[in-house]
2 protein chains.
Amino acid sequence: MARPRTSARTVEHPSMAEVSLQQVLEALAEPVRRTVVSQLATAGEDISCGTFDVEVSRSTLTHHFNVLREAGVIRQYYVGTTKMNSLRTDEMEERFPGLLSALVTASALEADAPTH
Amino acid sequence: MARPRTSARTVEHPSMAEVSLQQVLEALAEPVRRTVVSQLATAGEDISCGTFDVEVSRSTLTHHFNVLREAGVIRQYYVGTTKMNSLRTDEMEERFPGLLSALVTASALEADAPTH
DNA sequence: TCGATTATTCGACAGGGGTCGTACGATGGA
DNA sequence: TCCATCGTACGACCCCTGTCGAATAATCGA
């Protein structure tokens, strides 16, 4: 009996109506997670979990991705053993207009002109 | 010797260049503090600390105001024994364009259409 | 079939932060 | 001068969350 050659592992995502502003802000108030979001926004393409440039262990990274996903910020799907990530940009824009984009902009701003 | 009839108690405020995105997000990720900000945004005028509609003790409230002030979100000044609060709307807009306004909008949105 | 790679799960740990009560300080009015 | 009011300071407490390592699961390629 052939198993499906495309991964059957599915990932649960909340509908945007289910996510609260509180969740989104908690998710985005964490530096590592904001780094992830920034890299996703900059990349312009989906990125696998393992290729992010962050200095935490794999298990910690898994935790952060879970928080981001449950907050509706990212979408995840398996490709083989790797898990791809993308921003739910448009949906977030519809749910909380201007919020995610302002945040990404602010992140970029600060990267250029650090507070120091 | 006449003491100044206008309170000499001054309050320290950071310049906007000194506040980090991290500080702002941490400040605004807390529900009580976001309630304070929402009420300030809605009021359209300066409000004294004691007149906010939040269910925490006075000492806790003091703590929240400190966090908001140090994050550059609010400005405070004494009038007699009462302490007035105002949003640093324009300055925040300049420092992190769209961020505070998106947040206030989102807060209002959710108040109308709760996640439930 | 076996190993390598990728990600998850679980338990444990430490630190931070929100909370309160009480005591204190500053101001204004009686 | 005395009291009431408004806010602060301090210490204590507890929960939440970010962190890790080790063990496990799933997939791909050789």
Side-chain angles (χ1 to χ4, degrees), chain A residues 1-13 20 22-37 46-71 73-86, chain B residues 1-13 20 22-37 46-71 73-86:
Chain A
M1 187 68 102
R3 279 168 299 162
R5 51 184 202 299
T6 303
S7 166
R9 282 193 286 184
T10 57
V11 186
E12 290 285 325
H13 292 87
S20 65
Q22 184 60 36
Q23 277 181 289
V24 175
L25 290 181
E26 277 174 7
L28 266 23
E30 213 287 329
V32 174
R33 289 195 286 265
R34 211 161 52 253
T35 300
V36 167
V37 169
D46 298 3
I47 306 182
S48 74
C49 290
T51 62
F52 282 85
D53 184 21
V54 290
E55 303 211 330
V56 291
S57 70
R58 252 168 273 166
S59 49
T60 300
L61 198 48
T62 294
H63 165 63
H64 287 311
F65 281 120
N66 287 341
V67 173
L68 285 172
R69 186 184 64 255
E70 285 160 17
V73 177
I74 64 172
R75 186 171 295 279
Q76 301 188 290
Y77 56 95
Y78 277 100
V79 175
T81 64
T82 77
K83 204 175 194 177
M84 303 301 292
N85 304 272
S86 65
Chain B
M1 186 68 102
R3 280 168 298 161
R5 52 183 202 298
T6 304
S7 166
R9 282 193 287 185
T10 56
V11 186
E12 291 285 325
H13 292 87
S20 65
Q22 184 61 36
Q23 278 180 289
V24 175
L25 291 180
E26 277 175 8
L28 266 24
E30 213 286 329
V32 175
R33 289 195 286 265
R34 211 161 51 252
T35 300
V36 167
V37 170
D46 298 3
I47 307 182
S48 73
C49 290
T51 61
F52 281 86
D53 183 21
V54 290
E55 303 211 329
V56 290
S57 70
R58 253 171 266 167
S59 49
T60 299
L61 198 48
T62 294
H63 165 63
H64 287 311
F65 281 121
N66 287 342
V67 174
L68 285 172
R69 175 167 35 76
E70 285 159 18
V73 178
I74 64 171
R75 186 173 295 280
Q76 300 188 290
Y77 56 96
Y78 278 99
V79 175
T81 64
T82 77
K83 203 176 195 177
M84 303 301 292
N85 303 271
S86 65

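Protein chains get the first letters and strands the later ones, always in sequence-line order, with residue 1 at the start of each. Predicted, not measured: the structure shown is a model, and the values here were computed from it.
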Report the distance from atom OH of B:Y78 to atom P of D:dT5, rounded to the nearest whole Å. 18 Å
A:E70 CD to C:dT8 P, straight-line distance once rounded to whole Å: 12 Å
Please give, in whole Å, the distance from C:dT27 P to B:Y77 OH? 17 Å
Any A:K83 side-chain N or O less than 4.0 Å from OP1/OP2 of D:dA26: no
Look at the side-chain N and O atoms of A:T81 and state whether any lies under 4.0 Å from the OP1 or OP2 oxygen of D:dA26. no
Atom pair distance, as rounded to whole Å: CE in B:M84 and C1' in D:dG7: 14 Å
Rounded to whole Å, please give me the gap between CG in B:N66 and P in C:dG18. 12 Å
Is it the case that the side chain of A:Q76 and the backbone of A:S86 share a donor-acceptor pair, with hydrogens and angles ignored and the cut-off at 3.5 Å? no
From CZ of B:R9 across to P of D:dT8 the rounded distance in Å is 8 Å
Nucleotides 12-20 of chain D: protein proximity per nucleotide (B base, S sugar-phosphate only, - neither; heavy atom, under 4.0 Å): ------SBB
Scan the side chains in residues 47-55 of chain A for donor-acceptor partners under 3.5 Å anywhere in the protein, sequence neighbours excluded, and list what turns up.
from  : atom 1 : to    : atom 2 : distance (Å)
A:T51 : OG1    : A:S48 : O      : 2.9

For B:T60, side-chain hydrogen bond (donor to acceptor under 3.5 Å, both in side chains) partners two or more places apart: B:S57
A:M84 vs A:R75 side-chain heavy atoms within contact, under 4.5 Å: no
Rounded distance in Å - CG (B:L61) to P (D:dA9): 14 Å
Gap between atoms CD and C1', on B:Q76 and C:dA26 respectively (whole Å): 16 Å
Donor-acceptor pair between B:Y77 and B:N85 side chains, under 3.5 angstrom: no
Do B:T62 side-chain atoms and B:R58 backbone N/O form a donor-acceptor pair below 3.5 Å? yes
